[in-house]
Protein chains: 2
Amino acid sequence: MELLEERIKQDGQALSEHVLKVDSFLNHQIDPKLMQEIGKEFASRFSNESITKIVTIESSGIAPAVMAGLYLNVPVVFARKRKSLTLSEGLLTASVHSFTKNETNEISISKKYVNEDDNVLIIDDFLANGQAALGLIEIVKKSGAHVAGIGIVIEKSFQDGAEKLKELGIRVESLAQIAALSNGKVIFKPEKAEELI
Amino acid sequence: MELLEERIKQDGQALSEHVLKVDSFLNHQIDPKLMQEIGKEFASRFSNESITKIVTIESSGIAPAVMAGLYLNVPVVFARKRKSLTLSEGLLTASVHSFTKNETNEISISKKYVNEDDNVLIIDDFLANGQAALGLIEIVKKSGAHVAGIGIVIEKSFQDGAEKLKELGIRVESLAQIAALSNGKVIFKPEKAEELI
């Protein structure tokens with residue numbers, strides 16, 4: 001998605017070979033018009049999948065997910081993250097380890113809002129090693145729903161998350177794919193490289 | 001806002017005299033089309049205020065704030081909540097006590113994204129005792145920006161948050177105002193009662 005790649009080039013900060021900061025339009029400050037275009041793009045890519053629900057994770061997944069939900073005309077459910085869950089009745093949970101923050105969160109969604117009749121599109125802001133995405137897949141599968149695919153705003157293609165998901169047979173659509181972060185520069189993979197399996 | 005009141009009547013659950021659960025369209029599952037209408041309504045109410053930025057708080061404030069940002073054509077910044085902040089360099093922070101959860105969080109925004117040139121609209125999902133709103137006002141004021149007003153999706157008018165904010169001279173626009181929760185029923189205040197000061 002060219003608009004997004006341009007924005008990453010312009011405003012993203014490659015802080016190291018592994019860390020890309022996009023706080024100015026996605027993770028802290030949010031550009032609503034860009035989110036709208038991102039939502040339209042996800043809706044277009046998954047328009048033939050009969051999606052009934054979007055599942056994302058707080059907080060940075062919410063804006064792109066809600067815009068995708070608007071254009072796919074489906075509700076959005078966001079998983080909550082907590083250190084530990086005391087009350088888990090009625091919840092579907094999974095453990096997600098964050099290597100960046102070196103902490104494990106339990107993520108959860110209510111059983112009420114995702115069930116076996118659903119065909120779910122999972123959306124998240126970043127895909128790196130795939131831990132969050134795998135946790136979301138786990139809770140969606142626990143609900144009995146089908147995972148129709150995963151929409152990612154920014155994929156760090158130099159980490160193995162996308163590979164892991166594709167090995168599970170899951171369609172991954174990443175709007176920007178980063179091949180490398182090198183000397184403060186962002187190098188993109190060419191668009192549309194084997195996104196469909 | 002009639003559409004919102006209808007939805008609260010239909011899907012909200014008055015769990016006690018103080019607790020209204022709107023997990024099915026706002027706090028956990030999100031209805032994107034309703035959020036779009038909410039965004040348009042906030043934009044309309046604050047259209048003459050020359051808003052330059054919206055500030056909200058994760059997670060449930062993000063969807064209505066992003067939609068309002070879309071129609072006001074301004075960026076949105078969401079404050080993060082954490083138990084304690086180890087790194088606070090470059091951050092504006094405030095302490096917010098949640099009576100519901102009985103915990104105090106530090107909320108923060110980056111100095112980079114709100115400054116003295118900004119005219120800020122604060123948006124949040126709920127207004128009860130006003131703790132979160134007061135924390136958001138505190139960090140916006142620390143940035144040097146002006147607080148143009150506060151947009152609230154659901155105000156519990158039987159708690160004193162709205163009064164506290166109006167005493168500070170701040171314009172509060174609440175799209176639904178709940179006079180009472182009684183025997184599982186939601187009783188609304190008549191619309192447009194002294195929202196302007």
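Chain A is the first sequence line, chain B the second, and so forth, proteins listed ahead of strands; every chain is numbered from 1.
Scanning both residues, B/Phe78 and A/Asn27, for their nearest heavy atoms gives CZ-O, 3.0 Å. The minimum heavy-atom distance linking B/Asn73 with A/Lys33 is given by the pair OD1-CE, 3.1 Å.
Using a 4.5 Å cut-off between heavy atoms, B/Ile109 contacts chain A through both its backbone and its side chain. Looking at B/Val74, only its backbone comes within 4.5 Å of chain A, counting heavy atoms on both sides. With a threshold of 4.5 angstrom between heavy atoms, A/Leu72 does not approach chain B through any atom at all.
Note on B/Leu136 and B/Phe99: separate hydrophobic clusters, where clusters join Ile, Leu, Val, Met, Phe, Trp and Tyr whose side-chain heavy atoms are under 4.5 Å apart, directly or indirectly. No single ILVMFWY cluster, assembled from side-chain heavy atoms under 4.5 Å apart, contains both A/Val19 and A/Val22. With hydrophobic clusters built from ILVMFWY side chains whose heavy atoms lie under 4.5 angstrom apart, B/Ile187 does not share a cluster with B/Leu20. The cluster map of Ile, Leu, Val, Met, Phe, Trp and Tyr, joined by side-chain heavy atoms under 4.5 Å apart, puts B/Leu15 and B/Phe126 in different clusters. Residue B/Leu3 is grouped with residue B/Phe42 when hydrophobic side chains (ILVMFWY) are merged at heavy-atom distances under 4.5 angstrom, including chains of intermediate members.
At least one side-chain heavy atom of B/Pro32 sits less than 4.5 Å from a side-chain heavy atom of A/Val66. Contact annotation: the side chain of B/Lys53 approaches that of A/Gln29 to within less than 4.5 Å [non-hydrogen atoms, C-beta and beyond]. The side-chain heavy atoms of B/Pro75 and A/Phe25, taken from C-beta on, include no pair separated by under 4.5 Å. Residues A/Met67 and B/Leu70 have side chains in contact (heavy-atom distance under 4.5 Å, counting atoms from C-beta outward). In this structure, the side chains of B/Asp23 and A/Ser110 stay at 4.5 Å or more apart for every pair of heavy atoms.
Within a 6.0 Å radius of CD in B/Glu6, other residues, nucleotides and ligands contribute more than 12 heavy atoms.
With chain B as the partner, the residue from A/Met35, A/His28, A/Glu58 showing the most heavy-atom pairs under 4.5 Å is A/His28. Ranked by non-hydrogen atom pairs under 4.5 Å with chain A, the options B/Ala63, B/Gly69, B/Ser59 are led by B/Ser59.
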